[in-house]
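Below is one structure, written out as structure tokens; comments come after it.
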There are 2 protein chains.
Amino acid sequence: MKNNLNITENIQICAVDFAFKRIGGKYKARILWYLFLKGVLRYGELSRTMPDITTKMLTQTLRELEEDKLINRKVYQVVPPKVEYSLSETGYELIPFIEHLHNWGKKQIAKEIEECEVCK
Amino acid sequence: MKNNLNITENIQICAVDFAFKRIGGKYKARILWYLFLKGVLRYGELSRTMPDITTKMLTQTLRELEEDKLINRKVYQVVPPKVEYSLSETGYELIPFIEHLHNWGKKQIAKEIEECEVCK
DNA sequence: AGCAATACATACTTTTTTGTATGTAACATA
DNA sequence: TATGTTACATACAAAAAAGTATGTATTGCT
């Protein structure tokens, strides 16, 4: 009676957890969302699009996304350097989810503004 | 030329970010997913279903979910105490997203096992 | 009186994540 | 020879999240 989980349920736990580990970072979803909206972007373009992300965090996050194969990284052997980032197929498969989240968020924000007395 | 974002895009950023703050915790999505799968659950039942979550984290996470109105908390004035948790309507609206994430995760896990030489 | 059941609370420590500040490489151009 | 451009790297500090251990309240039952 201690553990009444079946295998299927355990896999389900893991899958939600597994997925969350790959996109759970502070900026991951946003980066994926931007790559989706804008297509191929250079490092500097990403940086200028999201000025609140420091270069350290941007690089770090991009590396993690690349390791998990959610984005593609294309390096041009030129000076000054040129590196392009884009969504991978696997990363692209996460877009419907981010979109849902995005719509949900928009709706919630609207609701909170509506309920906010100070805002009236 | 420094900031070429328009208002619409800024709202989009915020929405993804906003949403992520509400379900970004280590256990939040899992708890919501379980409440969806099982319906109404008592504190102890949740705890037994997810034995890897300490009572401190479970309580803390449940409180945050409650504050953000993603779950309902119903207290029965009895001894020993009885408290029931369930998805709120707003929380329920997140289920399609968690489900998507869950399916994506399952697929990725399968893919990784397939690619794993050691597993063969 | 002592114990069990249930749903927590709280002080404190450890770990993880994020931020700050500064530095580097390579070449083209002034 | 100095400067600008681009895409980072790295040491260190701060902040946030999570974990550990222990305690509490109430009441029925033995």
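Every value quoted in this text rests on a predicted model; they were computed, and no experiment measured them. Per chain, numbering begins at 1; letters A, B, ... match sequence-line order.
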> CZ of F36(A): more than 12 outside heavy atoms within 6.0 angstrom?
Replying inline: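 Yes, the 6.0 Å shell around CZ holds more than 12 heavy atoms from other groups.
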
Whether each nucleotide of nucleotides 6-22 of chain C has a protein heavy atom under 4.0 Å at its base (B), only at its sugar-phosphate (S) or at neither (-) is summarised, 5' to 3', as BSSBBB------BBB--

Round to the nearest Å and state the distance from [X] atom [atom1] to [N] atom [atom2].
X      : N       : atom1 : atom2 : result
K21(A) : dA18(D) : NZ    : P     : 12 Å
F20(B) : dA17(D) : CZ    : P     : 14 Å
E66(A) : dA7(D)  : CD    : C1'   : 13 Å
K74(A) : dT6(D)  : NZ    : C1'   : 18 Å

(message) Just to verify, what does F97(B) make a ring-ring contact (aromatic ring centres under 6.0 Å, His included) with, not counting sequence neighbours?
(response)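 F97(A).
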
For [X], what residues pass the side chain to side chain donor-acceptor pair (under 3.5 Å) criterion, not counting sequence neighbours?
X       : result
K107(A) : E93(B)
R22(B)  : E112(A)
E45(A)  : none
Y43(A)  : T59(A)

Considering only distance and modelled atom types, tabulate donor-acceptor pairs under 3.5 Å from the side chains of residues 78-86 of chain A, sequence neighbours left out.
unit_1	atom_1	unit_2	atom_2	d
E84(A)	OE1	Y76(A)	OH	2.9
Y85(A)	OH	R73(A)	NE	3.1

Acceptor/donor pairs from residues 60-72 of chain B side chains to any protein atom, 3.5 angstrom cut, sequence neighbours excluded:
unit_1	atom_1	unit_2	atom_2	d
T61(B)	OG1	M57(B)	O	2.6
E64(B)	OE1	K28(B)	NZ	3.0

- request: State, to the nearest 10°, the angle formed by the axis through the first five base pairs of the helix from dA1(C)-dT30(D) to dA30(C)-dT1(D) and the axis through its last five.
  value: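 Comparing the axis at each end, I get an angle of 30°.
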
